[in-house]
Amino acid sequence: MYNVIRRILFLFPPEPIHYFSMNCLKALCSIGLIRKIIAALFSVNNNQLATTELHLTFKNPVGLGAGFDKNAKWLRELETLGFGFVEIGTVTPLPQAGNEKPRLFRLPKDNALINRMGFNNDGVRIVAERLRKWRAGAQPSTHHFIIGGNIGKNKITPNEEAWRDYEICFKELHPHVDYFVVNVSSPNTPGLRELQEKESLRKILRHLQMINNGKAKSKPILLKISPDLMQDQIDDILDLALEIKLDGLVCTNTTVSRAGLLTNKDEIEKMGQGGLSGKPIRERSTLIIEYIHTKTAGEIPIISSGGIFTGEDAKEKLNVGAALVQVWTGFIYEGPGIVKKICAALK
Ligand SMILES: Cc1cc2nc3c(=O)[nH]c(=O)nc-3n(C[C@H](O)[C@H](O)[C@H](O)COP(=O)(O)O)c2cc1C
């Protein structure tokens with residue numbers, strides 16, 4: 001069924017159809033009876049899938065990766081589709097329009113996407129207020145619907161000042177999210193990935209931890225890393241993560257590599273710069289998780305992101321040491337039944 005819908009959706013440009021589809025779902029979910037029907041079709045009610053990670057109880061281990069609901073506009077709808085958790089953002093202190101459009105491309109032959117969105121978002125104040133309202137109106141069942149806050153820096157902020165942007169976002173979102181992800185691995189903000197260097201990271205993460213420790217209830221802080229890191233860079237990050245007792249890692253973001261794609265080279269070139277996601281990054285992402293899990297003897301909890309389309313993909317990640325999984329590109333290609341399908345395989 002979704003194959004037919006996907007064919008129709010894929011006739012339209014990816015970014016407008018993303019908003020159109022989610023806004024249609026929002027309109028449908030605003031009618032109680034229809035929401036119940038959608039929930040009955042797609043959500044997962046199996047207590048055996050509940051899992052406690054990062055001192056949080058997730059109703060199932062399948063989440064939605066950052067960048068899908070950047071502005072926290074579709075939380076009820078995503079919960080209705082069965083997701084165990086959603087990572088909102090990347091959110092920056094000031095609102096940003098992001099890069100010029102078009103900035104999102106499909107590569108159907110590769111089951112992949114290329115994006116250079118550039119942290120388009122409403123800014124942390126508006127997003128925090130939206131989350132506050134959502135929590136205030138949430139049904140009791142929403143308690144186990146975990147929300148992660150993925151935070152970044154504005155494009156105009158120089159790297160030396162980046163720690164301040166992370167601090168602003170952290171403080172604003174702290175009352176409203178369950179865990180944080182520090183994003184220094186997007187390839188679409190110039191220079192951002194340089195912040196993955198050990199000393200820059202230490203400054204940002206220690207500062208956030210200090211603020212966190214001063215709160216009545218601290219929140220887990222994770223770091224999202226790039227699949228393009230060299231082994232020595234990963235080792236540096238692991239040393240730091242263990243030294244400062246970071247709560248976890250999200251592995252991985254999109255890649256700038258275009259190796260091994262089936263899509264025509266000219267087409268790929270025309271799409272231009274950006275991060276590649278989906279099937280082509282699955283293997284690299286899994287290898288990184290396996291490496292980290294082995295090297296740290298499982299001491300650092302890992303959320304897996306990268307190329308998860310099926311239950312088998314999710315099992316692959318969990319088997320090499322991931323604690324939780326996130327889908328993004330897989331959701332576009334597999335459709336709204338993806339959580340249920342993955343959960344059925346994990347039972
Ligand atoms: C259009 C698009 C926008 C994204 N935006 C963000 C973002 O704002 N922050 C972030 O940390 N990751 C972002 N990502 C990366 C995803 O969260 C995910 O890590 C990556 O796509 C790999 O997972 P996948 O292969 O399942 O898509 C984005 C991905 C896509 C396709």
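Both ligands and their constituent atoms are indexed starting at 1 by order of listing. Every heavy atom of this structure was used, including side-chain atoms; hydrogens, water molecules and symmetry mates were not.
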### Option passing side-chain contact (heavy atoms from CB on, under 4.5 Å) with Ile211 (candidates Glu167, Arg206, His174)
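Answer after filtering Glu167, Arg206, His174: Glu167.
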Within the protein, flag every N or O under 3.5 Å from an N or O of ligand 1, and note the pair and distance.
from: ligand 1; atom 1: 5 (N); to: Lys70; atom 2: NZ; distance (Å): 3.3
from: ligand 1; atom 1: 8 (O); to: Lys70; atom 2: NZ; distance (Å): 2.9
from: ligand 1; atom 1: 8 (O); to: Thr90; atom 2: N; distance (Å): 3.1
from: ligand 1; atom 1: 8 (O); to: Thr90; atom 2: OG1; distance (Å): 3.3
from: ligand 1; atom 1: 9 (N); to: Thr90; atom 2: OG1; distance (Å): 2.7
from: ligand 1; atom 1: 9 (N); to: Asn183; atom 2: ND2; distance (Å): 3.4
from: ligand 1; atom 1: 11 (O); to: Asn150; atom 2: ND2; distance (Å): 3.0
from: ligand 1; atom 1: 11 (O); to: Asn183; atom 2: ND2; distance (Å): 3.1
from: ligand 1; atom 1: 11 (O); to: Lys224; atom 2: NZ; distance (Å): 3.0
from: ligand 1; atom 1: 12 (N); to: Lys224; atom 2: NZ; distance (Å): 3.0
from: ligand 1; atom 1: 14 (N); to: Ala66; atom 2: O; distance (Å): 3.3
from: ligand 1; atom 1: 17 (O); to: Ala66; atom 2: N; distance (Å): 3.4
from: ligand 1; atom 1: 17 (O); to: Ala66; atom 2: O; distance (Å): 2.7
from: ligand 1; atom 1: 17 (O); to: Lys224; atom 2: NZ; distance (Å): 2.9
from: ligand 1; atom 1: 19 (O); to: Lys224; atom 2: NZ; distance (Å): 2.9
from: ligand 1; atom 1: 19 (O); to: Thr252; atom 2: O; distance (Å): 3.3
from: ligand 1; atom 1: 19 (O); to: Ser305; atom 2: OG; distance (Å): 2.7
from: ligand 1; atom 1: 23 (O); to: Ser305; atom 2: OG; distance (Å): 3.3
from: ligand 1; atom 1: 23 (O); to: Gly306; atom 2: N; distance (Å): 3.4
from: ligand 1; atom 1: 25 (O); to: Gly278; atom 2: N; distance (Å): 2.8
from: ligand 1; atom 1: 25 (O); to: Gly307; atom 2: N; distance (Å): 2.8
from: ligand 1; atom 1: 26 (O); to: Trp328; atom 2: N; distance (Å): 3.3
from: ligand 1; atom 1: 27 (O); to: Thr329; atom 2: N; distance (Å): 3.0
from: ligand 1; atom 1: 27 (O); to: Thr329; atom 2: OG1; distance (Å): 2.5

State whether a side-chain donor-acceptor pair under 3.5 Å links [X] with [Y].
X: Asn154; Y: Thr157; answer: no
X: Asn60; Y: Asn46; answer: no
X: Ser185; Y: Asn183; answer: yes

#### Entry: Validation row: Met22, Phe68 side chains within 4.5 angstrom (heavy atoms)
yes
### Query
Checking Lys70 side chain against Ile88 main chain: does a donor-acceptor pair fall under 3.5 Å?
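Flag not set: sc Lys70 to bb Ile88 has no pair under 3.5 Å.
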